[in-house]
> 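Starting off with a structure, shown below.
First the proteins, then the strands, lettered A, B, ... as listed; each starts at 1.
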Amino acid sequence: MERPVWLNAYGVYVLSRYEHVREALDNNQVFSSASGVSLNDFMNQALKGGLLCSDPPTHDVLRKIIERPVMPKQLNALRQQIIDEAENHVEQLVKRDRFEVITELAQHLPVTIVSNLVGLPEAGRERMLDWAPANFNCFGPADSPLTQSSFPILEEMVKYALEECVPEKLKAGGWAAQIWEAADRGEISHDICPKLMNDYMGPSLDTTIFATASAIWLFSQNPDQWDTLRANPGLIPNAINEVVRIESPVTAFSRMTTVDHEMSGHVIPAGSRVLVLYGSANRDEQQWENPDTFDIQRDNASEHMGFGFGEHQCVGNNLARLEIRALLAALIKHVERFELIDVEWTKNNALRGISKCNVAIH
Amino acid sequence: MPTLIYIEPHGSEQKVEVTSGKTVMQGAIENMVEGMLAECGGSCSCATCHCYVDDAWVEKTGQASEVEIDMLDCVTDRRDNSRLGCQIKVSEEHEGLVIRMPDSQF
């Protein structure tokens with residue numbers, strides 16, 4: 001395997017091979033998140049102490065609190081509600097002969113859930129979708145216009161978190177309220193609570209929305225796969241893995257090495273920033289046979305890096321799966337074929353996704 | 001290609017030929033055996049591919065890893081012979097392996 005590439009323009013090493021990506025994500029002692037996971041100093045400083053940019057043991061304490069409502073056991077209580085919500089929404093949608101996938105399908109569940117289950121106050125909810133892309137654009141290099149454009153938007157989010165996501169305004173018993181309750185119990189400090197609000201708001205919208213839209217687009221391009229799925233709905237979970245593998249909504253994060261570390265014969269010095277490419281790992285022909293083929297019966301689809309891996313693996317992955325499962329389960333009942341009318345992709349520093357996609361349904 | 005015997009929640013038997021290298025979970029899902037959900041698609045992160053390995057086969061199916069043991073905490077009606085189907089790789093020596101599905105995955 002080739003040694004990691006040194007990207008001179010940004011002063012970072014790049015891990016693009018599946019094996020290297022998996023190794024880095026699995027080894028948080030060498031590949032630390034505590035010095036930030038973005039490509040710019042501003043964000044790396046700003047996020048210090050939060051869940052994303054922390055290492056064990058700090059990380060573990062925060063993770064245990066944030067993951068509580070989205071662990072499989074807790075999600076069981078929401079299962080039927082989300083399935084019903086998806087059913088109702090799809091039933092209405094398929095009465096038409098065409099729809100726009102992002103605004104009319106993919107956004108529905110994430111936005112509903114983030115608002116209701118997280119328990120955010122009404123004020124500001126309508127800004128949620130505008131904030132979503134900024135949460136990932138902000139991770140780019142400092143000199144990128146996309147990165148710069150995200151900062152004022154994030155300021156708005158921070159203000160919202162500080163002023164609106166407070167116990168007296170949050171829905172009682174909601175996920176956000178539970179974080180404050182954890183602080184009341186002394187599990188974490190109250191100071192960090194506003195920052196943790198973003199751990200529910202930030203990563204839960206565009207990521208799931210893009211995965212959902214990608215699924216529909218992929219099925220429109222691979223109708224035989226849709227036929228296979230309709231014949232055996234039990235394949236939905238593996239299909240979701242394959243969608244996340246091949247389209248990788250989250251494309252990259254970074255780490256910083258804490259010690260010298262050898263990879264494929266080259267030593268990455270301590271204190272190096274390393275760009276970890278999830279999407280690249282997910283298309284690595286050394287790991288995947290015909291990596292660019294969408295195959296919902298791919299045996300090793302579950303080994304993808306699309307939700308990350310190791311300690312920082314996407315804490316909301318089971319929630320995302322539940323949302324997308326519910327939508328696909330409803331759609332297979334009503335749709336024989338998706339016919340693509342048009343599709344456009346968005347531009348984002350750390351996300352890959354569709355900005356607009358119109359399909360006709362048969 | 002070993003033949004596995006899956007016993008579905010209501011007791012009916014399904015004899016299924018499973019390609020070596022696939023997991024017990026994949027054998028069930030791909031052949032529409034009832035009682036298997038596998039909501040994370042085999043990533044050992046949802047505990048809905050819960051199954052009981054028949055006592056006679058416990059040795060031949062190996063031991064659960066630490067990650068699997070942690071996830072088994074989430075299953076309903078956990079027993080000594082509980083396993084997560086996505087963590088058992090099928091091989092030629094599993095000819096006749098009996099896997100019982102639980103009443104419910106959640």
Side-chain angles (χ1 to χ4, degrees), chain A residues 22 26 64 67-68 70-80 82-83 211 228-245 295-311 313-326 328-329, chain B residues 1 6 8-9 14 16 18-51 65-78 82 84-91 99 101-106:
Chain A
R22 190 177 170 118
D26 200 28
K64 270 217 141 53
E67 73 179 5
R68 258 176 218 151
V70 289
M71 293 296 280
K73 256 200 165 128
Q74 279 66 36
L75 286 179
N76 278 336
L78 297 174
R79 178 191 286 272
Q80 201 53 52
I82 291 179
I83 288 173
T228 303
L229 193 65
R230 296 192 82 213
N232 185 2
L235 291 172
I236 289 177
N238 205 50
I240 293 172
N241 274 331
E242 178 68 348
V243 169
V244 175
R245 179 194 72 81
D295 173 11
I296 67 171
Q297 294 177 293
R298 186 181 289 273
D299 272 339
N300 61 349
S302 66
E303 290 174 28
H304 69 81
M305 297 282 111
F307 283 120
F309 188 70
E311 293 286 335
Q313 184 176 64
C314 176
V315 75
N317 83 89
N318 282 312
L319 172 61
R321 292 178 193 278
L322 174 56
E323 292 175 43
I324 303 173
R325 256 190 348 259
L328 290 179
Chain B
M1 190 136 118
Y6 292 93
E8 294 173 327
Q14 283 253 39
V16 178
V18 181
T19 313
S20 283
K22 290 214 184 227
T23 64
V24 164
M25 176 276 280
Q26 285 171 324
I29 292 286
E30 288 168 21
N31 293 282
M32 304 206 261
V33 169
E34 268 183 51
M36 183 67 83
L37 284 184
E39 291 177 338
C40 71
S43 321
C44 199
S45 58
C46 74
T48 62
C49 64
H50 178 213
C51 60
S65 69
E66 263 192 59
V67 180
E68 184 186 342
I69 290 172
D70 269 344
M71 286 311 302
L72 280 167
D73 272 343
C74 301
V75 307
T76 39
D77 197 9
R78 184 178 183 173
S82 281
L84 294 184
C86 73
Q87 298 302 299
I88 305 173
K89 259 213 162 77
V90 173
S91 74
I99 299 286
M101 302 310 304
D103 287 338
S104 170
Q105 289 291 352
F106 54 87

> I'd like to verify something: which residue of A:Met71, A:Lys73, A:Glu242 has the highest number of heavy-atom pairs under 4.5 Å with chain B?
A:Lys73
> Quick check: does any side chain N or O of A:Asn318 sit under 3.5 Å from a backbone N or O of B:Cys46, one acting as donor and the other as acceptor?
no
> Nearest 0.5 Å, please: how far is OG1 in B:Thr76 from CG in A:Asn76?
8.0 Å
> Looking only at non-hydrogen atoms, find the nearest pair between A:Pro72 and B:Ser45 and report the distance.
CG-O, 3.6 Å
> Can you say whether A:Ile240 sits under 4.5 Å from chain B via the side chain, the backbone, both, or neither, judging by heavy atoms?
neither
> Please report the shortest heavy-atom distance between A:Ser302 and B:Gly41, naming the atom on each side.
CB-O, 3.3 Å
> With only heavy atoms counted, which part of A:Ala231 is less than 4.5 Å from chain B, the side chain, the backbone, both or neither?
backbone
> Using heavy-atom distances under 4.5 Å, tell me whether A:Asn238 contacts chain B through its side chain, its backbone, both, or neither.
both
> Whether the side chain of A:Asn232 engages the backbone of B:Ile29 through a donor-acceptor N/O pair (distance < 3.5 Å, no angle test) should be reported.
yes
> Taking side chain as everything from C-beta outward and backbone as N, CA, C, O, which of these in B:Met71 sits under 4.5 Å from a heavy atom of chain A? Side chain, backbone, both or neither.
side chain
> Please report the shortest heavy-atom distance between A:Pro237 and B:Ala38, naming the atom on each side.
CB-O, 3.1 Å
> Are the side chain of B:Gln26 and the backbone of A:Asp299 linked by a donor-acceptor contact shorter than 3.5 Å?
yes
> Show the nearest heavy-atom pair for residues B:Ser43 and A:Arg321, with the distance to one decimal.
OG-NH2, 3.5 Å
> Of the listed residues (B:Cys44, B:Cys40, B:Ala28), which shares the most heavy-atom pairs with chain A below a 4.5 Å separation?
B:Cys40
> Which region of B:Ala47, side chain (C-beta onward) or backbone (N, CA, C, O), has a non-hydrogen atom less than 4.5 Å from a non-hydrogen atom of chain A, or is it both or neither?
neither
> Got a sec, which residues hit side chain to side chain donor-acceptor pair (under 3.5 Å) with A:Asp26, two or more places apart in sequence or on another chain?
none
> For the atom pair CG (B:Leu37) and CD1 (A:Ile236), what is the distance rounded to the nearest 0.5 Å?
11.0 Å
